[in-house]
Enquirer: 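First, the structure itself, so that you have it in front of you.
Just so it is clear, the structure is predicted and the values come from calculations on it, not from any experiment.
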Amino acid sequence: MFNNPEHLEAFFTQKRLSTFFNEITLQEDNVEFADVSFSERIQKAVEEQVNFDSDALILRLQKAAKLRFPDAHLSDFSGDNSQNLSVEKINNIATLGWMKYGQNLGLTGKAGTGKTRLGCAIANEAILHGHSVLFYRYSELLRDMEIKEREGLEKLKLFLKKLCRVKVLVIDDWGLSPLTNNQRQLLFELIDLRAEKSSLILTSQYQKDVWYDVFKRDCTTDALMDRIYHCTTEVALEGDNFRRKNAKGDS
């Protein structure tokens, strides 16, 4: 099957194992591997391939996430108690235990307290653990769902299916603008499909306790909130305007 090295290389390339092949080739020309056993050489080549695949996966997930702050990381939030973000709280978020059974995070606080950046930092942590993420502004999510609905039921179903495949959906500025009856129904359909299967990161200027009122209570709102409220852990940010502090170079 493999008459020459070129055929062998082409085979490994086709199987997406180029890194494994390159490592084996490098070992043949490296005197440091002269006394290394065959099994150890194979293990080293496998480790190189796994690391390469992991890095490539993370890059793909980061690109697909479309985060507003793609460079945000939890290390940016170094346990600033003035923001109600202790080291213990950050470390607990970083374990991603809140994602179990489709639990959610609600990041609340006044404008400029760093909710969106924190949401992106948490999303990046999920990506580093191999989870798919997608970032959406609340208004743009509603707009896109209505566009797909106007294009036809099948288009809407496909769009909702795409959103449901994502392990973590970040919705920025949750509840910022009033909902029409149609938007409320579309949002309910999305949340209902994702409930207890995948997680949400919601950033909002409104504390969790007033979400019912913000969305104007009716039967659909009650059903929507029932699928969110009880499985969302709130992280309330406090303190100075995060955006203004960074602009001044204070943090």
Enquirer: Is it the case that the side chain of Asn124 and the backbone of Pro70 share a donor-acceptor pair, with hydrogens and angles ignored and the cut-off at 3.5 Å?
Expert: yes
Enquirer: Is it true that the side chains of Asp209 and Tyr229 contain a donor and an acceptor less than 3.5 Å apart?
Expert: yes
Enquirer: Any side-chain heavy-atom pair from Tyr138 and Leu179 closer than 4.5 angstrom?
Expert: yes
Enquirer: First locate atom CD1 of Ile201, then atom OG1 of Thr116, and finally report the distance between them rounded to the nearest 0.5 Å.
Expert: 11.0 Å
Enquirer: Closer than 3.5 angstrom, by distance alone: can the side chain of Trp98 be matched with the main-chain N or O of Ile93 as a donor-acceptor pair?
Expert: yes
Enquirer: Out of curiosity, His129 NE2 to Ile58 CD1, how far, rounded to the nearest 0.5 Å?
Expert: 9.5 Å
Enquirer: Under 4.5 Å between any side-chain heavy atoms of Lys155 and Ile147, yes or no?
Expert: no
Enquirer: Start with the C-alpha distance between Ile228 and Ile191, add both sets of side-chain angles, then the distance that settles side-chain contact (heavy atoms from CB on, under 4.5 Å), and finish with yes or no.
Expert: CA-CA 8 Å; Ile228 292 181; Ile191 299 303; 3.5 Å; yes
Enquirer: Just jot down the side chain to side chain donor-acceptor pair (under 3.5 Å) partners of Arg194, sequence neighbours excluded, or say none.
Expert: none
Enquirer: Quick one: do Thr108 and Leu202 satisfy side-chain contact (heavy atoms from CB on, under 4.5 Å)? Show the steps, please.
Expert: CA-CA 8 Å; Thr108 65; Leu202 307 172; over 6 Å; no
Enquirer: Do Leu107 and Val133 share a hydrophobic cluster, counting only Ile, Leu, Val, Met, Phe, Trp and Tyr and linking them when any side-chain heavy atoms are less than 4.5 Å apart?
Expert: yes
Enquirer: Looking at His73, is its backbone amide N or carbonyl O close enough to the side chain of Asp76 to form a donor-acceptor pair, meaning the two atoms are under 3.5 Å apart?
Expert: yes
Enquirer: State the CE-CZ distance between Met145 and Arg150, to the nearest 0.5 angstrom.
Expert: 12.0 Å
Enquirer: Does Ser199 use its side chain to pair, donor to acceptor, with the backbone of Gln103 at less than 3.5 Å?
Expert: yes
Enquirer: Is there a donor-acceptor pair under 3.5 Å between the side chain of Asn104 and the backbone N or O of Leu200?
Expert: yes
Enquirer: Backbone N or O of Asn92 within a donor-acceptor pair of the Thr95 side chain at under 3.5 Å?
Expert: yes
Enquirer: Can a donor-acceptor pair be found, under 3.5 Å and without considering hydrogens, that links the side chain of Ser132 to the backbone of Lys167?
Expert: yes
Enquirer: Would you check if Tyr212 and Asp222 make a side-chain contact, meaning some heavy-atom pair closer than 4.5 Å?
Expert: yes
Enquirer: What distance separates Asp172 CG from Ser204 OG, expressed to the nearest 0.5 Å?
Expert: 9.5 Å
Enquirer: Nearest 0.5 Å please: distance from the CZ atom of Phe69 over to the SG atom of Cys120.
Expert: 6.5 Å
Enquirer: Roughly how far, to the nearest 0.5 Å, is the CG atom of Leu163 from the CG atom of Leu141?
Expert: 6.5 Å
Enquirer: Does Lys89, at its NZ atom, have more than 12 non-hydrogen atoms belonging to other residues, nucleotides or ligands within less than 6.0 Å?
Expert: yes
Enquirer: Are any non-hydrogen side-chain atoms of Phe77 and Leu118 less than 4.5 angstrom apart?
Expert: yes
Enquirer: Determine, stepwise, if the pair Glu149 / Asn182 fulfils side-chain contact (heavy atoms from CB on, under 4.5 Å).
Expert: CA-CA 10 Å; Glu149 183 184 40; Asn182 187 57; 2.8 Å; yes
Enquirer: Does the plane of the ring in Phe215 sit parallel, tilted or perpendicular to the ring in Trp174? Use 30° and 60° as the thresholds.
Expert: tilted
Enquirer: According to ring pair (Phe, Tyr, Trp, His ring centres under 6.0 Å), who are the partners of Tyr206, at least two apart in sequence or on a separate chain?
Expert: none
Enquirer: Quick check: are there more than 12 heavy atoms from other residues, nucleotides or ligands sitting under 6.0 Å from CD of Gln207?
Expert: no
Enquirer: Donor-acceptor pair, Thr203 side chain versus Asp173 backbone, under 3.5 Å?
Expert: yes
Enquirer: Step through the shown structure and confirm whether more than 12 heavy atoms of other residues, nucleotides or ligands are within 6.0 Å of CZ on Arg227.
Expert: yes
Enquirer: Atom NZ of residue position Lys100 - does it have more than 12 heavy atoms of other residues, nucleotides or ligands inside 6.0 Å?
Expert: no
Enquirer: Would you confirm whether Glu234, through its side chain, and Lys208, through its main-chain N or O, come within 3.5 Å as a donor-acceptor pair?
Expert: yes
Enquirer: Pair Thr232, Leu105 - check side-chain contact (heavy atoms from CB on, under 4.5 Å), show working.
Expert: CA-CA 5 Å; Thr232 297; Leu105 279 184; 5.8 Å; no
Enquirer: Mark yes or no: Arg68 above the aromatic ring of Phe135, with NZ or CZ under 6.0 Å from the six-membered ring centre and no more than 45 degrees from the axis.
Expert: no
Enquirer: Please determine whether a side-chain nitrogen of the Lys or Arg among Lys148 and Glu151 lies less than 4.0 Å from a carboxylate oxygen of the Asp or Glu.
Expert: yes
Enquirer: Just by modelled atom types, is the Lys110 backbone N or O under 3.5 Å from a matching donor or acceptor in the Lys115 side chain?
Expert: yes
Enquirer: Do Val214 and Leu237 share a hydrophobic cluster (ILVMFWY, side-chain heavy atoms under 4.5 Å, transitive)?
Expert: no
